[in-house]
There are 2 protein chains.
Amino acid sequence: MSKLGSVPTLDDVAKMAGVSTATVSRCLNNPDRVVEATRQRVLTAVDALGYTPNFAARVMAAKRSSTIGAIIPTMENAIFARGLQAFQEELHQHGYTLLVSSSAYKPDIEDEQIRTLVARGADGLLLIGHDRDPHIYDYLEQRKIPVLVAWSFQPDAQIPSVGFDNRAAMFELANHVIGLGHRQIGMISGVSAGNDRAYLRIEGVRDAISQNDMTPSNLTIIETPYDIDNGAEAFTQLMSQETPPTAILCGNDVLAVGAVRRAQEMGLKVPEDISITGFDDIELARIASPGLTTVHVPHREMGRQAALELVEMVENKAISAGLRLDTKIVERQSLGRPAHA
Amino acid sequence: MSKLGSVPTLDDVAKMAGVSTATVSRCLNNPDRVVEATRQRVLTAVDALGYTPNFAARVMAAKRSSTIGAIIPTMENAIFARGLQAFQEELHQHGYTLLVSSSAYKPDIEDEQIRTLVARGADGLLLIGHDRDPHIYDYLEQRKIPVLVAWSFQPDAQIPSVGFDNRAAMFELANHVIGLGHRQIGMISGVSAGNDRAYLRIEGVRDAISQNDMTPSNLTIIETPYDIDNGAEAFTQLMSQETPPTAILCGNDVLAVGAVRRAQEMGLKVPEDISITGFDDIELARIASPGLTTVHVPHREMGRQAALELVEMVENKAISAGLRLDTKIVERQSLGRPAHA
DNA sequence: AGCAGATATGTAAGCGCTTGCATTTCTCAT
DNA sequence: ATGAGAAATGCAAGCGCTTACATATCTGCT
């Protein structure tokens, strides 16, 4: 037995099993490089002592941690939950552990989190979106840490990405809305500064506007942080214009739910009086009443593929070309034809 | 300059600043033990080189990590999000980093996560609920890792806890429901095995039943994993009994939302035809329509206090007495009097 | 039986940091 | 000026592991 209250080390195990520390180490990391009998002896010692390897020591000696870091903008809502879950499940399959932190959409916090994760020995990093201060990419470059971006696919960006085309996705939806006869459009977007997803979704709407021979005056955009109450507030603003919109496209489902609530509070029927759409298709979109017409993002698939790509990058120093996934419009009940006409 | 593409170490900094590594280390960790001029020189070198301390090395040498681990049952819904957020903010104030993982309500996964977190050098652990295999407490005891339990306050448990009295909270709600005239009660509970919160909430309802001169036949309980669809399914089951309940108490808001939806799908009005209550008061409860009458849990306060207690335990090896927080019933629109009578 | 080649195990050098202790440099009171 | 005591800095020993390389032990053939 080991000294009471002290944590057993490789040495203790080696001593108890009557082998060298090297053998114990191999037993744990490359079991097939050790003969059966020895292995048994070692494993017996391991659990007799209740030994658990010291991670820090292992990282130091091996110079890799089998850890992947991910920084998401928020854990407050479910936007990233499902994708991240799939990401981590796939990583687990490959023997990696996931470390997650959230940046609250603040670039400087993200910056700090990146450094923290790197200092902790992350073998690779998953970041959301492309848009950030380039110096951070230099930093990661210097340290040779593979980085993958998710939730936004941009084939020609500096960093490979697994995601979807935010612009095209929103274009498709906006086009659909316009096709239904809406001519005065409102948009409640997330804050676009430093957020390529938000920015590109706005661009997607603009594309649809101009391709349908409408003018910027047909579109009013409000940017506000992703939050239910902000969605509600923005809705009020949008509706108090001279010519209120007949359809409001929201940057995500959370904003949309807020807008729907406010509409109902104001006595407006959705979609009879006003159409509202979301983006992401998180559970909330399904639960809301009326159900939210939204853009379905293949979150699980995205998470899984991102894990696959990143592991590949880490293990084979491969340069990933990234992967573009498709979104599709999910029609529920929050979008209809304009009231009038 | 350092060799291209190689990561700068303390040594590099020391060399560049013309001091010993000890001084650099002190500069970073105890700035006041180093004279101003030297400090400047060192700090200049630090950012000239883009130096970041190697966490693993630091942990190994210092034998502490300024890291706290937390294992929550799920990240899928918002139940733990707000509390954890507050927990981490408070930890941050005190110079600690939070590492979170989720166990999917599976004891063996939790077990593994605990070991992982310990191996990673967590200085302390936050666990949800008291109910788990005792051997894990021995393991943590041997390693002298302070552990705090949250989301469930039990003054006489082995492990100190910061939380609320699940049993009393649910008792209060059930009592209120019965006071409204309901005599046939349904309960949709989470799985109670290995989950003291779920178990105690059931007990709370039972307490109310017996204190109001009702019998077990007045209560039907269904246990099912926390999930919207399961809530809906359980609702169907409950309503297809010979004598369906007039009020259904749910183990949490997620189950309640599922039940409400199913009720609506079945053409039942909530609360006119059937009353449904939740537990936790997460955002969902507010968003749902009708708004969920539920038990408000002071999540932020709980997270904050848990951080305070745990830091105290870690830094002063203090034994915490724990802390009991109060819940209160939030009345929205999903609870009313029974239909008839 | 004896040897080559494969297989199993041991030896020991770090990985990058912190920190107790030793040494040097200040600061003042005399 | 000078020496005692405080303040600043340096020295060097690890922390617990992995792994290249060296050594010992097995194979299976002849």
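The structure displayed is predicted, hence computed values, not measured ones. Just so we're on the same page: letters track the sequence lines, and every chain starts at 1. All values below come from the heavy atoms of this structure, side chains included, with hydrogens, waters and symmetry mates left out.
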Is the distance from OP1 or OP2 of [N] to the nearest side-chain N or O of [X] less than 4.0 Å?
{"X": "B:Thr38", "N": "D:dT9", "value": "yes"}
{"X": "B:Thr9", "N": "C:dG16", "value": "no"}
{"X": "B:Asn29", "N": "C:dT18", "value": "yes"}

Given atom [atom1] of [X] and atom [atom2] of [N], what is their separation to the nearest angstrom?
{"X": "B:Glu36", "N": "C:dC26", "atom1": "CD", "atom2": "P", "value": "16 Å"}
{"X": "A:Arg64", "N": "D:dC17", "atom1": "CZ", "atom2": "C1'", "value": "12 Å"}
{"X": "A:Lys63", "N": "D:dT19", "atom1": "NZ", "atom2": "C1'", "value": "12 Å"}
{"X": "B:Lys15", "N": "D:dG10", "atom1": "NZ", "atom2": "P", "value": "14 Å"}
{"X": "A:Arg33", "N": "D:dC21", "atom1": "CZ", "atom2": "P", "value": "14 Å"}
{"X": "B:Asp32", "N": "D:dT9", "atom1": "CG", "atom2": "C1'", "value": "15 Å"}
{"X": "B:Leu49", "N": "C:dG16", "atom1": "CG", "atom2": "C1'", "value": "15 Å"}
{"X": "A:Asn30", "N": "D:dT19", "atom1": "CG", "atom2": "C1'", "value": "10 Å"}

Hey, do the aromatic rings of A:Trp151 and A:His299 have their centres closer than 6.0 Å?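 Under 6.0 Å, so yes.
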
Would you please test B:Arg115 and B:Glu112 for salt bridge (Lys or Arg N to Asp or Glu O under 4.0 Å) and show each step? CA-CA 5 Å; B:Arg115 288 171 200 278; B:Glu112 185 192 324; over 6 Å; no

Side chain to side chain, A:Val42 and A:Val34, heavy atoms closer than 4.5 Å: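 Contact flag for A:Val42/A:Val34 side chains = no.
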
Any heavy-atom pair between the side chains of B:Leu84 and B:Met75 that's under 4.5 Å?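 No - every pair of side-chain heavy atoms lies 4.5 Å or more apart.
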
Counting side-chain heavy atoms from CB outward, which of C:dG20, C:dG16, D:dT18 is closest to B:Arg26?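 Selected nucleotide (nearest to the side chain): C:dG20.
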
What nucleic acid atoms does [X] come within less than 4.0 Å of, heavy atoms only: base, sugar-phosphate, or nothing?
{"X": "B:Tyr51", "answer": "sugar-phosphate"}
{"X": "B:Ala22", "answer": "base"}
{"X": "A:Val59", "answer": "nothing"}

Return whichever of A:Thr21 or B:Ser25 has its heavy-atom-nearest nucleotide of DNA chain C closer to the 5' end.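 This one resolves to A:Thr21.
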
Between B:Arg39 and A:Thr23, which has a closest nucleotide on DNA chain D that is more 5'?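 With B:Arg39 and A:Thr23 compared, the 5'-side residue is B:Arg39.
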
Which one of B:Arg132, B:His130, B:Gln154 satisfies the side chain to side chain donor-acceptor pair (under 3.5 Å) criterion with B:Asp196?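 Only one of B:Arg132, B:His130, B:Gln154 forms a side chain to side chain donor-acceptor pair (under 3.5 Å) with B:Asp196, namely B:Gln154.
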
